[in-house]
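Atoms within a ligand are numbered from 1 in the order they appear, just like the ligands themselves.
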Amino acid sequence: MAIVPEEIEGYAQAHTTPPSELPRRLAEETRATLRSPQMLTGTIEGRFLEFLVYATGARRVLELGTYSGYSAISMAAALPAEGRIDTCEVDEQHAEVASRYIEEAGLSDRITIHLGPALETLARLEGEFDFVFIDADKENYVNYYEAVLPRLTERGLIAADNTLWSGRVLDGSDDSEGTLAIRAFNEHVRGDERVVSVMLTVRDGVTLIRRA
Ligand SMILES: C[S@@+](CC[C@H](N)C(=O)[O-])C[C@H]1O[C@@H](n2cnc3c(N)ncnc32)[C@H](O)[C@@H]1O
């Protein structure tokens, strides 16, 4: 179930700067060859992430959940010259597609794909992050959040994807794993006095979080 009515989403997309040829081709290949192509952020959210990186001036970006690389490539478009993205992916096939397009886009020196469970990668990565995009397995959202919050730079931001979970967070009878995990994450953030957050109805729900 789409949260935003299809016609309105279509209208918003038609009034958003379209992706260039490479991300368009990447999206096509993803739809044709990978499982769960609805996971790809796409035009509106891709541009939104690009805007967040641009507006915050983020230089060090962390992404949890690369998939085929659409969001990483979108964010890279707004990075300053010295900016870098570390992106974490556990699935080899997803990482292979992402890596191919990142290379073709000439971004291999700016985007590093870390193959393996994101929590393990995160424990190995050093330093702080200006912008973190949480978009991997929903069951670990609270763990990701707790791991990255202390590692945000002073004006750092977290964006967590799918926090409206197709509206299923509202359905009290839905106790599937994903729904419970997203609900738990949303309650965790709402009850956390260390942060200020806003839940946006962009695509499948995006929550922005910063330190209070
Ligand atoms: C929603 S998709 C990411 C979409 C991507 N950000 C985009 O916009 O195209 C989630 C990805 O997280 C990966 N994933 C799932 N569990 C993971 C884990 N424990 N560590 C790292 N990646 C994981 C999945 O294989 C999948 O590719």
Side-chain angles (χ1 to χ4, degrees), residues 2-3 9 13 16 19-20 22-53 58 61-79 85-102 104-105 107 111-125 129 131-148 157-166 168 176-179 181-182 185 200 202-208:
I3 292 169
E9 187 81 7
Q13 181 160 325
T16 296
S20 59
L22 182 137
R24 244 192 343 255
R25 196 154 33 83
L26 157 58
E28 272 165 31
E29 179 175 337
T30 302
R31 283 187 205 104
T33 64
L34 295 187
R35 273 171 286 118
S36 312
Q38 79 284 354
M39 294 201 297
L40 186 139
T41 41
T43 302
I44 293 176
E45 195 176 354
R47 285 289 176 209
F48 180 54
L49 291 168
E50 178 190 333
F51 262 84
L52 289 174
V53 170
V61 174
L62 172 69
E63 174 176 68
L64 308 172
T66 316
Y67 194 40
S68 53
Y70 191 98
S71 44
I73 290 173
S74 299
M75 293 188 282
L79 279 180
I85 298 177
D86 288 292
T87 181
C88 306
E89 177 55 57
V90 78
D91 183 299
E92 273 183 42
Q93 190 190 6
H94 297 174
E96 183 280 317
V97 177
S99 158
R100 196 156 29 81
Y101 279 94
I102 286 167
E104 188 186 332
L107 291 168
I111 303 177
T112 305
I113 302 176
H114 301 271
L115 187 61
L119 280 173
E120 291 178 18
T121 301
L122 194 46
R124 275 197 309 272
L125 286 174
F129 305 100
F131 183 67
V132 179
F133 183 43
I134 302 181
D135 194 20
D137 50 321
K138 310 310 159 195
E139 291 71 20
N140 270 314
Y141 264 35
V142 172
N143 294 330
Y144 294 140
Y145 171 79
E146 285 298 331
V148 298
L157 275 193
I158 298 173
D161 202 16
N162 308 106
T163 51
L164 284 166
W165 203 232
S166 305
R168 280 179 277 158
S176 58
E177 220 178 341
T179 304
I182 289 289
F185 174 75
L200 303 170
V202 173
R203 207 177 66 105
D204 194 28
V206 179
T207 299
L208 301 183

Identity and separation of the nearest protein heavy atom to [atom]:
atom: atom 20 (N) of ligand 1; result: A118 N, 2.9 Å
atom: atom 24 (C) of ligand 1; result: E89 OE2, 3.4 Å
atom: atom 4 (C) of ligand 1; result: D135 OD2, 3.2 Å

Notebook entry, point to check: Does E28 come within less than 4.0 Å of R25, counting only side-chain N to carboxylate O?
Noted result: no
Please could you name the atoms of ligand 1 that [X] approaches to less than 4.0 Å, counting only its heavy atoms?
X: P117; result: 20 (N)
X: Y144; result: 18 (C), 19 (N), 20 (N)
X: T41; result: 7 (C), 8 (O), 9 (O)
X: D91; result: 25 (O)
X: E63; result: 6 (N)
X: G116; result: 20 (N), 21 (C)
X: H94; result: 25 (O), 26 (C), 27 (O)
X: A136; result: 12 (O), 23 (C)

Checklist line | Side-chain donor/acceptor of Y144 to backbone N/O of D135, under 3.5 Å | finding: no
Checklist line | Side-chain (D204) to main-chain (S166) donor-acceptor, under 3.5 angstrom | finding: yes
Closest approach of [X] to [Y] (non-hydrogen atoms, all atoms of both residues):
X: V97; Y: S68; value: CG1-CB, 3.9 Å
X: G46; Y: S74; value: O-CB, 3.5 Å
X: Y67; Y: S36; value: OH-O, 3.0 Å
X: C88; Y: T121; value: SG-CG2, 3.8 Å

Proximity winner for [atom], if only heavy atoms of [options] are counted:
atom: atom 5 (C) of ligand 1; options: G69, S71, S68; value: S71
atom: atom 23 (C) of ligand 1; options: L40, V90, T121, N162; value: V90
atom: atom 17 (C) of ligand 1; options: D137, V97, D161, N140; value: D137

Item checked: Side chain to side chain, L49 and V206, heavy atoms closer than 4.5 Å -> no
Next item on the list: Please assess E96 against R100 for the test salt bridge (charged side-chain N to carboxylate O under 4.0 Å, His left out), listing each intermediate value before the final yes or no.
Entry: CA-CA 6 Å; E96 183 280 317; R100 196 156 29 81; 2.9 Å; yes
